[in-house]
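Here's the structure, in structure tokens; my notes come after.
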Amino acid sequence: MVAIDPTEHEISELGPEVNGIDDAAELREMLSLEASGEDRAPVKTLIESRIETLEAGGEDDPESVDLTELTIADIANMVRDIDDGDLLRDILEREREGKERKGAISQIESRIESVEGSDDDGTELEYEPPEKKYPDLDHPTADKQYVEGVSGESYRDMWVYCETQQGRLIDVSKEMLGRARELMDAYNADNAVADDTASYGGDEGGNTEEVVAVLIGDDVAGLAEEAIAYGADRVVYHDDDRLARFRHKPYTELFCHMCRDWSQEWRDYHEPRYNIFPATNNGRDLSALVQGELDSGLASDCSDLYIGAAMISNPAKTGKPGDSVEFERVLHMPRPDFSGFEYSTILCIDKPFRDFHPQGASVIPGTFEVPEPGDREGEVVEHDIDLPEDWFQVEVVDHDQLEDGVDLTGHEVVVAMGRGIDRVDPTEGIELGLELTDQFEDAGFGLSRGVITASYEFGSHVEGYITEERQIGESGQVVEPDLYIAAGISGAVQHKVGMDESDTIVAINTDPEADIRGFSDYFIEGDLFEVLPRFIEALEEGTFERAIAEVSSD
């Protein structure tokens, strides 16, 4: 019997699992299960690729591999980890004597140049304005890759856009302020005070850098002191009754004017060093618009932030092949990659004649803890400029106030359902999860991504619960309840990062080898359709702890 049934997992969950299996026979059995089940082409390709790798004998030895049997991509992947110039030249010679493919030769030569440097005479690069370099372009600054750099300008501070709803700071704004405070405290310290943050002792001149909170909206001035309590050194706000609802044009223009074009004695720098936004619907829009307007980059949906140095050898960033340059004060922005198989850490690094500032990120709500507000002092600054009427060309004549969104982060208990609901009937599975949720005084109901993306047919009375806003995981909400009940969830890393800080985790799964077992406090091997009714009965009788022990023993 296979350890992993592919039909019970999304492809994003299967990637790391399949690549960790070394038994070709087991992989073939998995392939058969997938073919007779959901028959997803990407999953079959993933398994078949792993089988081919195993049967080909694993990794190729660069010294002896037959290059004619490798693709150009295979050769590129092989040489990028080789630092021996002699070995690279040997590979280059073998390729020339074999298929002599230009693409392969280019990849090998490029790696040799990176390892040993080029024949460049060391002459400094000269800046060539875009108008001269691209004379056929009427407006070179209209295309971002041709924007003239502002190399040599000054950058300071970490700016945090604080989103509000119904006249209150939302939790993610408080989370970002708390994390920004931690980062800048360490940044300004003579000795590191946070393990994951490099300490610089202030800016390049030794001056303390600050956390600047930005508030934009109608009647937001009253939230300034709260923002200071959560970590800001300075709050910049703009009040206007026309800004009661988020609007792309004015919010973007106001933020950019505050941090770049506004003449203030305290803002004695060209632009902020870092800009942080919430990865909410509005925050995602604003972050992209602001960073684009400021001609910089953006790492979206980040799951952590830390500041440190980075050694870079990319010639596009260093200006010369073979050179390595240490970039300091770099914001490291980890985020789930597009395949969902692992994390990528994004760096916003300058290049010759071009500064990429502010370094920008949006942060997934729930990534950091909401800090305790402190008794802090700070400066409140009003941003008061006349707003052009053409910023408000679209008039909102009417709107409906929706019910409160789904926020699972503040509950004492969270019940989450996974793809195991299809063992009997998906609708019945959701009903059981909702009934269990109702047994607690303060509980929320969540879902794994597998339920949301699956093509299940649900009864109309539960359809309203199958929404992305209930998703828990790296691309959903991050929760830390006192009790987390995971029913029919395998526990892939994408889900784990959304709930593994819960105080007590109870998992129900028919697979004794399910990943979630490794980080659960109680693992119940069983069918959720049999276990959850016993939980519900026990809660009604007030014997929940005993029920957990009993079904665990069963």
Side-chain angles (χ1 to χ4, degrees), residues 3-4 11-12 14-31 42-122 308-327 330 332 334 337-347 349 351 493:
I4 302 170
I11 185 171
S12 60
L14 286 170
E17 299 293 345
V18 169
N19 289 330
I21 297 175
D22 296 323
D23 186 341
E26 182 177 351
L27 288 165
R28 285 197 176 85
E29 189 173 348
M30 291 175 61
L31 189 61
V43 173
K44 292 192 294 185
T45 299
L46 177 67
I47 299 172
E48 289 168 347
S49 176
R50 180 58 181 167
I51 293 173
E52 290 177 4
T53 299
L54 290 174
E55 295 185 338
E59 296 294 328
D60 293 312
D61 182 354
E63 296 185 7
S64 59
V65 63
D66 185 352
L67 299 181
T68 62
E69 295 183 357
L70 301 183
T71 66
I72 294 176
D74 291 334
I75 291 175
N77 289 329
M78 179 179 69
V79 301
R80 69 182 179 183
D81 295 324
I82 299 176
D83 296 321
D84 185 333
D86 290 336
L87 176 56
L88 288 166
R89 279 187 289 274
D90 176 65
I91 294 172
L92 179 60
E93 186 63 28
R94 284 153 49 198
E95 175 61 29
R96 284 174 172 160
E97 293 175 352
K99 290 187 175 182
E100 198 175 9
R101 293 162 291 186
K102 291 182 179 180
I105 290 173
S106 175
Q107 292 290 337
I108 302 167
E109 289 178 335
S110 177
R111 182 58 186 166
I112 292 174
E113 191 171 300
S114 296
V115 170
E116 299 184 342
S118 67
D119 295 330
D120 192 283
D121 60 7
M311 186 65 72
I312 304 297
S313 60
N314 186 339
K317 298 297 184 180
T318 65
K320 184 178 179 182
D323 283 358
S324 292
V325 175
E326 184 175 32
F327 290 78
V330 177
H332 291 63
D337 71 6
F338 290 107
S339 67
F341 291 167
E342 57 184 23
Y343 284 91
S344 299
T345 297
I346 309 301
L347 307 178
I349 302 291
K351 63 187 297 183
V493 65

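Note that the structure is predicted; figures quoted are calculated from it, not measured.
- Side chain of Arg89 to backbone of Ile112: no donor-acceptor contact under 3.5 angstrom is found.
- To the nearest 0.5 Å, atoms NZ (Lys44) and CD1 (Ile51) are separated by 12.0 Å.
- Judged purely by atom type and a 3.5 angstrom limit, Lys317 has no side-chain atom pairing as donor or acceptor with the backbone of Ile312.
- Counting only heavy atoms from C-beta outward, the side chains of Met311 and Val325 never approach each other to under 4.5 Å.
- For the side-chain hydrogen bond (donor to acceptor under 3.5 Å, both in side chains) condition, the pairs that include at least one residue of residues 96-107, sequence neighbours left out, are Glu95-Arg101, Arg96-Glu109.
- The closest side-chain heavy-atom distance from Leu67 to Met78 is below 4.5 Å.
- When all heavy atoms of Ala309 and Glu326 are compared, the closest pair comes out as CB-OE2, 3.5 Å.
- Residues Ala310 and His332 approach most closely at CB-NE2, 4.3 Å, considering heavy atoms.
- Between atom CD1 of residue Ile75 and atom CD1 of residue Ile91 there is a gap of 8.5 Å, rounded to the nearest 0.5 Å.
- With sequence neighbours excluded, the residues that form a side chain to side chain contact (heavy atoms under 4.5 Å, CB included) with Glu63 are Asp61, Leu87.
- Residues Ile108 and Leu88 come closest through the heavy atom pair CG2-O, 3.5 Å.
- Annotation: side chain of Leu27 is not in contact with side chain of Leu31 (no heavy-atom distance under 4.5 Å).
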